[in-house]
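Please read the structure below before turning to the comments.
Lettering follows sequence order; numbering is per chain, from 1.
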Amino acid sequence: MSNTRRQYPFHLIEPKWQQVWREQETYRAWNPGDTIHAEHPFARRHPQALEGANLPPKFYILDMFPYPSGAGLHVGHPEGYTATDIMARYKRARGFHVLHPMGWDAFGLPAEQYAIKTGQHPRQTTEANIATFKRQIQALGFSYDWHREINTTDPRYYRWTQWIFLKMYNSWFNPVTNKAEPIKTLTYPAGIETEEEKRAYRDEKRLAYVAEAPVNWCPELGTVLANEEVSEGKSEIGGFPVVRRPMRQWMLRITAFAERLIADLDLIDWPLALKEMQRNWIGRSEGAEVAFPIADIPSPGVGFERGIVVFTTRPDTLFGATYMVLAPEHKLVDQIATAEWPAQTPESWKGPDPSAAGSPPSAIRAYRAYAAAKSDLERTEMAKKKTGVFTGAYAINPVNGERIPIWIADYVLATYGTGAIMAVPAHDTRDLEFARKFDLPVRLVVQAPAGQESIGFVGDGTNVNSGLLDGLPTPEAKKKINAWLETNGRGCRTINYKLRDWLFSRQRYWGEPFPIIWRNGHHEALPEGELPIEPPVLDDYKPTTSGEPPLARAESWVNLPDGSRRETNTMPQWAGSCWYYLRYLDPDNDRAFCSPEAERYWMGTGAISDRKLEGSKPTPGVDLYVGGTEHAVLHLLYARFWHKVLFDLGCVSTPEPFHRLVNQGLILGEDGQKMSKSVGNVVNPDLILAEYGADAFRLYEMFMGPLEMVKPWSTKGVEGVYRFLGRVWRLFIDEKSEQDFEQSLTLEEPRGAELLNRLELRADLQDISPSPAQLKALHRCIKKTTEDLDGMRFNTAISALMVFINEAITWPVKPMSILQQFLVLLQPLAPHLAEELNAKLAAARARKSPPGPRHPAPAEPTLAYAPWPDYDPALLVEEVIEIPVQVNGRFRDRLEVPADSTAEQIEAAALASEKVKPFIAGKTVKKVIVVPRKVVNIAVIG
RNA sequence: GCGCGAGUGGCGGAAUGGCAGACGCGCCAGACUUAGGAUCUGGUCCUGAAAAGGGUAGGGGUUCAAGUCCCCUCUCGCGCACCA
């Protein structure tokens, strides 16, 4: 800490007002039906809302709640929180009923790993971390309604996480209605007769189901991970290698919602880049499935009566298919592989391992081992080098009857499409590369537009060498071949998604246990009445030596008296955050995850309205959601999915949870690099707060630049806004009284808060009528801050406040009414200082005119609900305006003209300007453009 | 490779197609002061004594007028990446 003198006693002001707000419950939000105390500042602003009826229009402003890590807050966290807090305060001032809650996403790996190391129960770590986070967040003076604080690890919370899971377990996706429906509505097709068959069918259809599938196993973390948690073959958390491994796991049927998850992006106001990321992740592609019969197999076995089915987005290139490739894991590989290599099989077709090249089966075995040994990471890195093995078998191209060789290669993914492709080397980069390596034929079937090479051309062109498709442009060729495939029973149009079902179980301790038991190899839901299912207390939080999840250690918990066993997996960290925004609406409700009344009020019921932050029409769902992009395809996709399930089941009233989303940009270190402990450029907010105070910290976080932008931290920059706050302070506070205050403070530090009262307003602050110029300065400031806050342009809003102060400082006498209005504008951004100065003003005015019927006392104890001023456009009208004069677009002079001058008058004045004359002398004036109130441009030639 | 976004002083950044650089940092000068790493005042895009000229990554275009709109190129950031 440097020894600069404090600009103003923020160290006394900030705790004082935080205490007032806490005791007064200033920022409490009310549900329909709540009883509101008449003295509460909200009730004073909205007297019609007493008794919790006729509540004003709501505005739900949400932060992405944090995972309370042991490291505490860093300066990146409060960036979004400050932005939302400013919006919350601004919306309150504008008369909205603001819901602005905060809570803790507290299940997760770090607490569990700490538990494994120390034996300390994760709950203790979690609680300690939450206490730190809460202290730090509260020190920033955010206007959260702490009555609504939630914690995903609280049994009263996760009881409902488990409840929603049961809802999914007991639902299925009806493709006819395109909705989730209770499992009761499931009808059984013919042939499903016995109870056992029906159970199997039902279990297959549930939204939450168990599947044996290749999953992402992370040995280092000792758990499986969802696709969304794996990036380039490494775990998102920790960056550990991930391998594919078949396991029996719980899955959630998010793929059923793929279409709606894409389509409904059009309903919401999110950054384009983020919508694009979700679209890419869902990865919708239109194409066709085409069946290729196997050659030389007179009676195909079960499973491939139709041969091999491929998915392709380019059925129009079917005539160019010169070979096929199956994923090495494809289940038909063993059935089609021939016992011996066909005559004249080139050596290079027999696989990368010469020692296994004796026959197709041995080469295939070797190649599978080779592919499996590679982690996903290595597979990605080796993407450039194509490898594969010929199976010995041939397929028949259904459109021309050609025999084409069938290969296996790891460039075809088992998990996408059908796990098999038709290779069209002439018009697919990967196939071309493969064909060139193994000397496979390349047949041109799409003529590229003139001037472009057709071999390797992957765009739209014109079909050639394609029989019935010849001469057709690509889109038409697609239509025609699709029709042909369908009439001939060789395939059909289809849509494919990259999105996989959500792998929902984890082999961990510190997560929500599943409300599921196993009996005779079947899973069963526990009744709702038994919720919450709490995890057992363990001595050892490690997985068992046999690789079972840690919960399996608690024998007495796992084994139930009736012989059934509890599910020992837990839910992933994302479970709790999938619905937390709903729990805030009614956090203490023990009968429902939230009451329908609260849900309807806060989430809105109407159709999607045109989004404009201004205007009083409630928008559906969360009105403003601010957080980082790192959750683009995790939390934000999962939460939308859960919300849609709840919507289908009638539990919520909107199809989308978050109507408007804003991503705050990353804050870099002072060196312009990402903040990290290892680089040593991490800025600790505690230190900044101690030196400059919360208001300066808040202001700086917003003054750095646009919220969405990536920007580097600068402690010097904090000093700038801090000085601004000091100037505001000195504009109000008498210098002499401050000197006295400072002196007393050094003598009696502990009585600081009390000493604040000794500070006097400056003598040049007077209760007089403002001059027109002063009114104009204020209203300019109102206009600019209003527009900027509406657009969330906090940096320029702050700059407008600075401009006002720079001007007000020069006034010999400062009208109190003007400065009071300024404080209303300052309040959302620097609430502590604004409150303190406002209280001083109020006290001074009360002294001058003692309480009485005309001046009810005391003045409002808080600025939090002070109405936002409207600017008066009439006051902003200038009588004389400056107009720049250009000659041929170059600035030459500035004219002062009456604001109501006509174009002709301005033109005449411009042409008469002494500074302009030299530039038009001897030249022909071709044209004079007069843009009223903006500019004059004289176009000359010669 | 594909997709998205962004390039403006020494720095963070402002500019509904209409005076480029608001506001802040830094820097320079001055005032007050025992002192200044406090505060206040003035200055601060570049060249030039001035007049004036040049200037928003580079090149081209539209326009009376372009940082802003269009085309091409380059650089940086983010996301996806064998998705058939």
Is the distance from OP1 or OP2 of [N] to the nearest side-chain N or O of [X] less than 4.0 Å?
| X | N | value |
| --- | --- | --- |
| A/R279 | B/G79 | no |
| A/S285 | B/A84 | yes |
| A/R723 | B/G26 | yes |
| A/R780 | B/A22 | no |
| A/N937 | B/C19 | no |
| A/Q7 | B/U39 | yes |
| A/K716 | B/G26 | yes |
| A/N795 | B/A14 | yes |
| A/R890 | B/A52 | no |

According to the Watson-Crick and G-U wobble definitions, with both distances under 3.5 Å, which nucleotide is paired to [N]?
| N | value |
| --- | --- |
| B/A38 | none |
| B/A15 | none |
| B/A52 | B/U47 |
| B/C74 | B/G7 |
| B/U33 | none |
| B/G21 | none |
| B/C2 | B/G79 |
| B/G67 | none |

Whole angstroms only, please: what is the [atom1]-[atom2] distance between [X] and [N]?
| X | N | atom1 | atom2 | value |
| --- | --- | --- | --- | --- |
| A/I938 | B/C19 | CD1 | P | 16 Å |
| A/N888 | B/G53 | CG | C1' | 16 Å |
| A/F457 | B/G1 | CZ | P | 18 Å |
| A/L636 | B/G79 | CG | C1' | 14 Å |
| A/W729 | B/U39 | CH2 | P | 16 Å |
| A/Y416 | B/A81 | OH | C1' | 13 Å |
| A/K711 | B/A6 | NZ | P | 15 Å |
| A/I481 | B/A84 | CD1 | C1' | 17 Å |

Distance-only side-chain donor-acceptor flag, [X] / [Y], under 3.5 Å:
| X | Y | answer |
| --- | --- | --- |
| A/Q278 | A/W270 | no |
| A/D788 | A/T796 | yes |
| A/Q7 | A/W729 | no |

[options]: which one has an atom nearest the side-chain heavy atoms of [X]?
| X | options | result |
| --- | --- | --- |
| A/A939 | B/A84, B/A81, B/C64 | B/C64 |
| A/R892 | B/A52, B/A81, B/A84 | B/A52 |
| A/F919 | B/A52, B/G3, B/U41 | B/A52 |
| A/R730 | B/C80, B/C40, B/A22 | B/C40 |
| A/T312 | B/C40, B/A84, B/G24 | B/A84 |
| A/K386 | B/G3, B/A84, B/C82 | B/C82 |
| A/I929 | B/C23, B/G13, B/G18 | B/G18 |
| A/Q886 | B/A22, B/C19, B/A84 | B/C19 |
| A/P884 | B/A84, B/C19, B/C4 | B/C19 |
| A/F703 | B/C23, B/C19, B/A14 | B/C23 |

Between A/R762 and A/D764, does any side-chain N to carboxylate O distance fall below 4.0 Å?
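Result for this pair is yes, salt bridge flagged.
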How should the glycosidic conformation of B/G9 be described, syn or anti, under the criterion that syn lies within 90° of 0?
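Syn conformation here, the glycosidic angle of B/G9 being no more than 90° from 0.
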What residue among A/V446, A/V399, A/V424, A/L444 forms side chain to side chain contact (heavy atoms under 4.5 Å, CB included) with A/F319?
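Result: among A/V446, A/V399, A/V424, A/L444, A/V399 is the only option passing the side chain to side chain contact (heavy atoms under 4.5 Å, CB included) with A/F319.
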Name the orientation class of the two ring planes belonging to A/Y370 and A/Y367 (parallel below 30°, tilted from 30 to 60°, perpendicular beyond 60°).
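Aromatic pair A/Y370/A/Y367 classed tilted.
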Categorize [X] for me: base, sugar-phosphate, or nothing, with a 4.0 angstrom heavy-atom threshold over every strand shown.
| X | answer |
| --- | --- |
| A/K498 | base |
| A/S714 | nothing |
| A/M709 | sugar-phosphate |
| A/R284 | nothing |
| A/V931 | base |
| A/N806 | sugar-phosphate |

Sticking with atom [atom1], work out how far [N] lies from [M], rounded to a whole angstrom.
| N | M | atom1 | value |
| --- | --- | --- | --- |
| B/G58 | B/U75 | C1' | 10 Å |
| B/U73 | B/A81 | P | 27 Å |
| B/C82 | B/C78 | C1' | 22 Å |
| B/G37 | B/U16 | C1' | 43 Å |

Within 45 degrees of the ring normal and closer than 6.0 Å to the centroid, is that where the cationic atom of A/K386 sits relative to A/F434?
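Judged by the rule, A/K386 and A/F434 form no cation-pi pair.
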If each of A/E882 and A/T810 is mapped to the nucleotide of RNA chain B with the nearest heavy atom, which maps nearer the 5' terminus, i.e. the 5' end?
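In this pair, the answer is A/E882.
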If each of A/E719 and A/A800 is mapped to the nucleotide of RNA chain B with the nearest heavy atom, which maps nearer the 5' terminus, i.e. the 5' end?
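Counting from the 5' end, the first nearest nucleotide belongs to A/A800.
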Find out whether A/Q739 and A/E742 are in side-chain contact, i.e. whether some heavy atom of one side chain is under 4.5 Å from a heavy atom of the other.
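A side-chain contact under 4.5 Å is absent here.
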Find out whether A/E289 and A/T418 are in side-chain contact, i.e. whether some heavy atom of one side chain is under 4.5 Å from a heavy atom of the other.
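Yes; the side chains approach each other to less than 4.5 Å.
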Centroid-to-centroid, A/Y700 to A/F703, below 6.0 Å?
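Between A/F703 and A/Y700, which both carry aromatic rings, the centre distance is not below 6.0 Å.
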